[in-house]
Protein chains: 2
Amino acid sequence: MSTDFDNGITDLNLEDIARLSGVSRSTVSRVVNHHPNVSEITRRKVLEIIERYNFKPHPAARALASQRANIIGILIPHIVSDLFTDPFFSILLQGITTAANSVNYSPVLWLTSANVDESAFYDQVFNDRLADGMIVASATVNASFIKRLDQRGKPYIIIGRPFTAYEQSSYVDSENEQGARMMVEHLIKQGRRRIGMITGRSGLTSSHDRLQGYISALQHADIPIDMRLITPAGDYSDASGYTGMKLLLHHRIDAVFAANDVMAASAMRAIKEAGLRIPEDIAIGGFDDMGIARTTEPPLTTVQQPITQLGDYAVRGLIDLLEGRVEPPFQQMLPVKLIVRQST
Amino acid sequence: MSTDFDNGITDLNLEDIARLSGVSRSTVSRVVNHHPNVSEITRRKVLEIIERYNFKPHPAARALASQRANIIGILIPHIVSDLFTDPFFSILLQGITTAANSVNYSPVLWLTSANVDESAFYDQVFNDRLADGMIVASATVNASFIKRLDQRGKPYIIIGRPFTAYEQSSYVDSENEQGARMMVEHLIKQGRRRIGMITGRSGLTSSHDRLQGYISALQHADIPIDMRLITPAGDYSDASGYTGMKLLLHHRIDAVFAANDVMAASAMRAIKEAGLRIPEDIAIGGFDDMGIARTTEPPLTTVQQPITQLGDYAVRGLIDLLEGRVEPPFQQMLPVKLIVRQST
DNA sequence: AATAAGTTTGGGAGCGCTCCCATAAATATT
DNA sequence: AATATTTATGGGAGCGCTCCCAAACTTATT
């Protein structure tokens with residue numbers, strides 16, 4: 001028992017606090033865990049000692065006794081480059097960690113790395129006994145992935161609706177299709193007819209859904225789908241937005257919808273380099289509404305997606321699952337919003 | 001004890017494995033922890049059972065008994081925007097988590113968030129009892145920060161040499177000053193004389209050191225320092241590189257050194273928009289050598305910094321500290337390398 | 001006033017490991 | 001062959017909590 005109680009954490013335990021406040025270990029435990037049935041006088045007395053010594057219960061002891069570690073795993077099973085070129089994951093990570101902290105959970109991070117054996121990595125992830133539950137960011141997950149997640153026997157939530165078995169799995173996602181449709185409908189309303197699309201990384205439901213929204217908006221407006229106006233190789237990266245736009249410029253288009261803001265910004269560069277004006281010659285819309293959308297020239301019309309909230313809902317949903325307040329599957333779609341700026 | 005031992009983790013414990021392999025709990029523990037003094041026959045027998053049932057020791061129990069959780073905290077005390085515009089932190093995070101995984105440590109993440117009370121956040125961080133040690137990414141740390149880190153009573157390593165008290169603190173850092181000097185010397189050798197600099201975020205030793213390298217290279221070449229050629233408000237962001245370059249274009253310069261690649265890339269945009277050629281009219285150098293440096297037009301000459309290794313050394317250093325193999329302060333400077341491409 | 005019901009408190013057992021010490025078995029030394 | 005030394009194994013105690021049950025104390029009910 002350290003005497004240095006002015007600052008830092010001490011190595012006191014429940015028993016010490018109990019002795020110091022003249023009650024039993026059990027009572028201190030009740031106070032710490034906000035259990036009812038502790039008299040107000042006792043509670044205050046104990047709380048005072050706890051505060052004075054800055055006592056925090058030992059997490060490992062608590063985890064062992066309660067079989068709950070208050071730890072959530074965050075798995076970002078994404079290829080490296082995406083993580084770096086698209087701020088989406090950084091913002092998401094921020095949202096998740098903040099939400100976790102606010103409910104006293106610690107987030108442990110799993111990131112794949114290019115030069116590491118993938119199967120060994122996933123063995124590590126799926127055999128992990130530390131985390132009470134898992135948040136899987138990005139739905140490149142397939143059936144066998146979900147199977148292993150299930151076998152782990154602990155709750156999980158996927159950010160982004162998975163393609164397979166999504167009826168049974170828990171996820172939070174943005175209304176990607178609806179957002180894309182809103183954007184393209186907006187372009188149509190502005191009188192645009194030859195509207196191109198720069199797609200996101202294939203294999204992600206977000207890409208799929210945004211493309212779907214684009215298609216359905218055109219169909220509703222009786223504009224025929226021209227496959228040449230849909231770039232095949234977009235992947236949400238800066239580079240793919242630029243080269244995608246270069247390709248689209250070969251066909252005379254009057255508008256383009258990029259599946260995220262990063263690609264929209266680099267597409268704008270390509271448009272300008274071709275000597276065309278935005279929005280006069282080509283209108284352009286993005287998706288995400290991240291910081292970059294406000295600094296482009298002109299500012300970018302985009303679909304606002306609540307990335308931070310995605311993390312927030314994932315954490316809250318996971319903990320509800322963990323504490324048995326809800327039954328899986330937990331599924332939540334978050335609304336998106338069209339933000340009209342000067343690029344359309 | 002679950003019978004589902006074909007896949008997933010089971011809820012077996014040491015005692016169960018001991019019974020199944022006909023030895024005692026202690027012996028299994030020795031096998032699991034690679035202790036000597038276990039006969040080869042016994043070891044194999046136990047290992048076979050462990051594998052068959054895919055047994056993993058319960059981390060909380062282990063942590064409680066050994067008082068070591070095998071968890072390291074990663075603190076990124078950075079304002080939000082930086083984290084998103086500069087891939088540096090993403091790459092670093094990747095390096096840290098990969099290194100941690102490889103030595104069976106779990107990284108828990110602490111990220112500050114704009115809309116969260118900062119002092120409450122740091123109270124949480126510094127009172128954390130879970131992590132055995134801490135890696136602090138980015139040296140915006142000041143004396144009081146380091147004091148609280150010390151009071152926590154557990155090892156820590158700072159990534160980036162701190163300004164204050166750096167003689168006593170443990171850190172890993174890149175040779176920023178030397179790298180910057182190499183770059184500017186290279187520009188001088190190419191015959192450039194009016195060399196501008198777009199600085200990094202003030203308050204970071206990396207910015208300070210890179211500026212210092214720029215100054216010392218000029219001084220060694222007897223080129224007077226012109227304060228007008230040093231942008232005051234760079235902060236490593238895309239936007240600040242662009243506006244910084246716009247300012248520098250008012251003075252006739254023949255080269256510019258940007259404190260990171262992100263700013264160099266946006267500075268290149270500004271140069272092109274002004275109708276100037278790279279490198280004929282203005283040569284430009286960056287710092288970091290991230291992916292972007294290879295995709296700019298022309299490809300960017302830059303100083304390669306081993307970001308992933310920074311994380312790697314931090315983890316290894318921290319664990320050496322943790323296991324008492326080295327005494328603090330642990331200090332390590334990593335070499336950088338000039339990569340000449342076509343922008344100079 | 002006697003009993004019933006509710007509230008507050010304490011103590012034991014147990015979570016699944018590690019680590020120490022004692023003992024048993026194998027090997028070396030005289 | 002008897003003893004000393006090394007190597008291998010088992011069991012107890014303990015890490016710091018939670019959770020259950022029993023006991024003590026209050027308050028309500030008749």
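We use all heavy atoms of the structure for the numbers below, so side chains are in, but hydrogens, waters and symmetry mates are not. Letters A, B, ... mirror the listed sequences (proteins, then strands); counts begin at 1.
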If you find the nucleotide of DNA chain D closest to B:Q67 and the one closest to B:S39, which residue's nucleotide is nearer the 5' end?
B:S39
To the nearest Å, give me how far apart CD1 (A:I41) and P (C:dT7) are.
15 Å
Side chain of A:R25 only, heavy atoms from C-beta on: which candidate in C:dT9, D:dC19, C:dT18 is closest?
D:dC19
Do A:N104 and A:N70 have side-chain atoms, one donor and one acceptor, less than 3.5 Å apart?
no
My understanding is that only residues two or more places apart in sequence, or in another chain, count here; which of them pass side chain to side chain donor-acceptor pair (under 3.5 Å) with B:T42?
B:S39
Starting the side chain at C-beta, find the nucleotide from D:dC17, C:dG12, C:dT18 nearest to A:A61.
D:dC17
Listing, residues 321-333 of chain A side-chain donor-acceptor contacts under 3.5 Å, not counting sequence neighbours, or none:
from: A:E323; atom 1: OE1; to: A:R325; atom 2: NH1; distance (Å): 2.7
from: A:E323; atom 1: OE1; to: A:R325; atom 2: NH2; distance (Å): 3.3
from: A:E323; atom 1: OE2; to: A:R68; atom 2: NH2; distance (Å): 3.4
from: A:R325; atom 1: NE; to: A:D320; atom 2: OD1; distance (Å): 2.9
from: A:R325; atom 1: NH2; to: A:D320; atom 2: OD1; distance (Å): 2.8
from: A:Q331; atom 1: NE2; to: A:Y166; atom 2: O; distance (Å): 2.9
from: A:Q331; atom 1: NE2; to: A:E167; atom 2: O; distance (Å): 3.1
from: A:Q331; atom 1: NE2; to: A:S169; atom 2: O; distance (Å): 2.9

What is the distance from CG of B:L12 to P of C:dG16, rounded to the nearest Å?
10 Å
Between C1' of C:dA26 and CD of B:E40, the distance in whole Å:
16 Å
Taking the side chain of B:H58 as heavy atoms from C-beta outward, which of D:dA8, C:dG16, D:dG10 is closest to it?
C:dG16
Charged N to carboxylate O below 4.0 Å: is that the case for B:R152 and B:D128?
yes
Check this one for me: any side-chain N or O of A:T42 less than 4.0 Å away from OP1 or OP2 of C:dT9?
yes
For the pair made of CG in B:N37 and P in C:dC20, what is the distance, rounded to whole Å?
14 Å
Given A:D173, A:I96, A:V136, the one that forms side-chain contact (heavy atoms from CB on, under 4.5 Å) with A:I159:
A:I96
With side chain to side chain contact (heavy atoms under 4.5 Å, CB included) as the test, would you mind laying out the steps for A:L93 and A:L109 before giving the verdict?
CA-CA 9 Å; A:L93 216 44; A:L109 193 57; 3.8 Å; yes
What is the distance, to the nearest angstrom, from the CZ atom on A:R62 to the P atom on D:dC19?
10 Å
Pull out every protein N or O sitting under 3.5 Å from an N or O of nucleotides 21-25 of chain D, one pair per line with the distance.
none

Atom-pair distance (CG on A:L130; P on C:dC15), nearest Å
20 Å
Examine distances only and state if a side-chain atom of A:R62 and a backbone atom of A:P57 form a donor-acceptor pair shorter than 3.5 Å.
no
State whether B:T27 places a side-chain N or O below 4.0 Å from either non-bridging phosphate oxygen (OP1 or OP2) of D:dG10.
yes
CD of B:E323 versus P of C:dT18: gap in Å, rounded?
14 Å
Kindly say whether, by distance alone, the side chain of A:S24 makes a donor-acceptor pair under 3.5 Å with the base of C:dG11?
no
Provide, to the nearest angstrom, the distance between the CD atom belonging to B:E15 and the P atom belonging to D:dG10.
11 Å
